[in-house]
Chemist: 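There's a structure below that I have some questions on.
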Amino acid sequence: MKIEWNFEDYLYSHNLGRINKREYIHRIFKSGIELEKPKEIYKFYGNTNYNLNSLLENYIYFSNPRDFNDPFDCLVNREEQILNNYKDLENHRNELGVCCFSLINNNPLMWGHYTNNYNGFCLKFKNDHFFDNENITLQTHVSYLKNYIPGNESLKKAIKELYLQKLNNQDKVTISKVLALTFEYNWKYYDWNYEQEYRTISWSTNSFERKMKFNKECLKEIYIGHKMKSANYEYYSLLINIIKTQYPNTKIFEVKPNSLKVKLEFSEI
């Protein structure tokens, strides 16, 4: 079954098989061009001990959106109202986990915001088979919307047409929830578009305590902010040691601003 709807410049397309087996494919098109699965993705980190531990134990952390810096992400600003009307969603909201990545590693805003002003680091992951895990619900590009309003009319029409299909009522309810939440959990206000975000979502983080293991071979490169070494040499040394001992095939780079142009320089260490 194929279901499509649109909002602003985006077209959302779902091909659904057996919904209880999560046999569905989510695709996004922007201005008629499909946003394909990226071959490489980047994740930015501040200089915390938690982030060192995630490298040491090779896991990525799935945060609850309540902890995000965007209060409108994943309906956080409307959560109280939602739970007042839909008590059965409370466990879902508690277990919801999102891991955020970017398609780029060279945006100065990202380095300023997410690495404690070049005191942190960024990881480059190879994206094929990186998320081969049954607890992953969805991998998708983020849509950046200028005039979001609750109650997408195009989506409502698609769900209305869904209820005309020869499906049992439980499947209809489940599919309609999947469609609505897939949209609501993957848009951000337009001003965030510099992040070029690609995100991974799990609806069952309790099964892995929000810490999902990854294959060490998927970590291809690490980029270290130029301030880290002088500001916190102990942290820098620990990070370098973890990479060299746990990820011997991973390349290491230092990142610093160009002395003349507004661009970042990446120098292999």
Chemist: Give a yes or no on whether a salt bridge exists between Arg199 and Glu197, defined as a side-chain N under 4.0 angstrom from a carboxylate O.
Modeler: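 Salt bridge between Arg199 and Glu197, a charged N being under 4.0 Å from a carboxylate O: yes.
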Chemist: Do Glu184 and Tyr148 have a side chain donor and acceptor closer than 3.5 Å?
Modeler: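 Indeed, the side chains of Glu184 and Tyr148 share at least one donor-acceptor pair under 3.5 Å.
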Chemist: Would you say Ser207 and Asn135 are linked by a side-chain donor-acceptor pair, where the criterion is simply a distance under 3.5 Å?
Modeler: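 Yes.
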Chemist: Can you confirm whether the side chains of Glu4 and Ser13 place a donor and an acceptor under 3.5 Å from each other?
Modeler: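 Side chains of Glu4 and Ser13: pair found under 3.5 Å.
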Chemist: Asn117 versus Lys227: any side-chain heavy-atom pair under 4.5 Å?
Modeler: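 When only atoms from C-beta onward are counted, Lys227 and Asn117 do touch, with a gap below 4.5 Å.
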Chemist: Using residues 56-63 as the side-chain source, report each donor-acceptor pair under 3.5 Å to any protein atom, sequence neighbours left out, with the distance given to one decimal.
Modeler:
from: Asn58; atom 1: ND2; to: Phe214; atom 2: O; distance (Å): 2.9
from: Tyr59; atom 1: OH; to: Asn53; atom 2: ND2; distance (Å): 2.9

Chemist: Whether the His26 and Thr182 side chains hold a donor-acceptor pair (N or O, under 3.5 Å, no angle test) is what I'd like checked.
Modeler: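 No pair is found: no donor N or O on one side chain lies under 3.5 Å from an acceptor on the other.
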Chemist: Does a salt bridge link Glu34 with Arg27, judged by any charged N lying under 4.0 Å from a carboxylate O?
Modeler: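 Salt bridge: yes.
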Chemist: Sequence neighbours excluded, which residues qualify as side-chain hydrogen bond (donor to acceptor under 3.5 Å, both in side chains) partners of Ser54?
Modeler: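 None.
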Chemist: Salt bridge check, Arg93 against Glu90: does any charged N sit closer than 4.0 Å to a carboxylate O?
Modeler: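 No, no charged N to carboxylate O under 4.0 Å.
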Chemist: State, without any angle test, whether Asp67 and Asn64 hold a side-chain donor-acceptor pair at a distance under 3.5 Å.
Modeler: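 On atom types as modelled, these side chains do not qualify, holding no pair under 3.5 Å.
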Chemist: Taking side chain as C-beta onward, heavy atoms only, is Trp5 less than 4.5 Å from Phe183?
Modeler: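 Trp5 vs Phe183: side chains touch.
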Chemist: Below 4.5 Å, heavy atoms only, C-beta onward: do Asp73 and Val98 meet side chain to side chain?
Modeler: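 Heavy-atom side-chain distance check fails, nothing below 4.5 Å.
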Chemist: Hey, are the side chains of Phe208 and Ser202 touching, using non-hydrogen atoms and a 4.5 Å cut-off?
Modeler: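 The answer is yes; the side chains approach within 4.5 Å.
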Chemist: Can you sort out the partners of Asn258 under side-chain hydrogen bond (donor to acceptor under 3.5 Å, both in side chains), two or more places apart, ordered by chain and number?
Modeler: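 With neighbours one apart ignored, the set is Glu265.
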Chemist: Any Lys/Arg nitrogen of Lys229 or Glu254 sitting under 4.0 Å from an Asp/Glu carboxylate oxygen of the other?
Modeler: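 Result for this pair is no, no salt bridge flagged.
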